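Structure record follows, encoded as structure tokens.
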Amino acid sequence: MNLNNIQFQVTDWEKLPTTEHKGETGTAFWRALQLGNLRIRIVEYSVNYKADHWCEKGHILYCLEGELISELSDGTEYKLTAGMSYQVSDDLSSHRSYTVKGAKLFIVDGEFLKLK
């Protein structure tokens, strides 16, 4: 299979297994689809979730529900609500997420976001 080509397929996200990822506080629940080096996820953050690490990976993140704060290592914070997104390539920021009320996200990442 050429990892750059994805055949037409339909994903029923409710049928994908959920994996639990503990944060510094709260929990993230992932449903993930791995297509070669492309990862597509629906991630639900619990109330009072805070990531337990700073992330350097690139993401395309779209907020489906709730409210998410993306914190950069320089102290800058961005609040995303339903209908908002952020995009960043690998190694261009140190960021982590937290939420007070909980959030549901659609996230895409993979090698296409590596710096060239």
Side-chain angles (χ1 to χ4, degrees):
M1 173 179 150
N2 182 336
L3 297 183
N4 294 318
N5 298 324
I6 299 169
Q7 296 295 321
F8 180 86
Q9 59 186 278
V10 174
T11 304
D12 183 345
W13 289 94
E14 293 299 316
K15 291 184 178 176
L16 293 180
T18 301
T19 58
E20 186 175 312
H21 302 265
K22 295 287 186 187
E24 186 176 299
T25 60
T27 306
F29 300 94
W30 297 11
R31 293 181 190 265
L33 180 62
Q34 191 76 43
L35 302 168
N37 58 29
L38 177 69
R39 180 174 65 175
I40 306 168
R41 297 177 284 162
I42 298 285
V43 175
E44 293 189 55
Y45 289 146
S46 69
V47 170
N48 294 319
Y49 172 82
K50 184 174 185 177
D52 64 354
H53 66 282
W54 290 95
C55 182
E56 300 279 334
K57 283 189 60 71
H59 309 287
I60 298 170
L61 181 149
Y62 180 77
C63 184
L64 297 166
E65 298 173 6
E67 183 176 291
L68 171 79
I69 307 296
S70 287
E71 177 185 17
L72 305 184
S73 59
D74 69 3
T76 305
E77 294 187 347
Y78 296 93
K79 179 167 70 171
L80 281 76
T81 57
M84 296 177 72
S85 68
Y86 78 71
Q87 304 71 227
V88 65
S89 289
D90 288 0
D91 303 316
L92 289 182
S93 76
S94 291
H95 52 277
R96 68 179 173 182
S97 297
Y98 70 90
T99 181
V100 175
K101 302 175 183 180
K104 185 175 185 178
L105 313 167
F106 184 81
I107 306 172
V108 178
D109 45 44
E111 286 194 24
F112 73 101
L113 291 168
K114 288 190 182 288
L115 289 177
K116 305 235 188 287

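Note that the structure is predicted; figures quoted are calculated from it, not measured.
For the 3.5 Å distance criterion, the side chains of Y98 and E77 qualify, holding a donor opposite an acceptor. Between the side chains of Q9 and T11, no donor-acceptor pair is found at a separation under 3.5 Å. A side-chain donor-acceptor contact under 3.5 Å links H21 and T19.
Residues L68 and A103 come closest through the heavy atom pair CB-CB, 4.3 Å. Heavy atoms only, all atoms of each residue included: V43 and A28 are closest at CG1-CB, 4.2 Å. Between L33 and W13, the shortest heavy-atom distance links the atoms CB-CH2, 4.0 Å. When every heavy atom of L80 is checked against every heavy atom of S70, the shortest pair comes out as CD1-OG, 4.3 Å. Contact detail for K104 and I42: the closest heavy-atom pair is CE-CG2, 3.7 Å. A51 and R96 make their closest contact through CB-CB, 4.0 Å (heavy atoms, listed as atom of the first residue, atom of the second, distance).
Residues passing the salt bridge (charged side-chain N to carboxylate O under 4.0 Å, His left out) test with K57: none are found, sequence neighbours excluded.
For the salt bridge (Lys or Arg N to Asp or Glu O under 4.0 Å) condition, the pairs that include at least one residue of residues 30-40, sequence neighbours left out, are E14-R31, R39-D109.
Ionic pairing of E20 and K22 is present here: one or more N-O contacts between side-chain nitrogen and carboxylate oxygen are shorter than 4.0 angstrom.
At least one side-chain heavy atom of I6 sits less than 4.5 Å from a side-chain heavy atom of L38. In this structure the side chain of H95 never reaches within 4.5 angstrom of the side chain of E56, judged on heavy atoms.
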Stepwise side chain to side chain contact (heavy atoms under 4.5 Å, CB included) test for L61 and S85:
CA-CA 5 Å; L61 181 149; S85 68; 5.9 Å; no
For a side chain to side chain contact (heavy atoms under 4.5 Å, CB included) check, start with the C-alpha distance between E71 and W54, then their side-chain angles and the critical distance, and finish with the verdict.
CA-CA 9 Å; E71 177 185 17; W54 290 95; 3.8 Å; yes
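A distance-only check finds no donor-acceptor pair linking the side chain of Q87 to the backbone of S89 [under 3.5 Å].
Enclosure of atom CZ in F112 by more than 12 non-hydrogen atoms of other residues, nucleotides or ligands within 6.0 angstrom is indicated.
Here the straight-line distance linking atom CG of L64 with atom CZ of F106 works out to 8.0 Å at 0.5 Å rounding.
Linking Ile, Leu, Val, Met, Phe, Trp and Tyr residues whenever their side-chain heavy atoms come within less than 4.5 Å places V88 and I107 in a single cluster.
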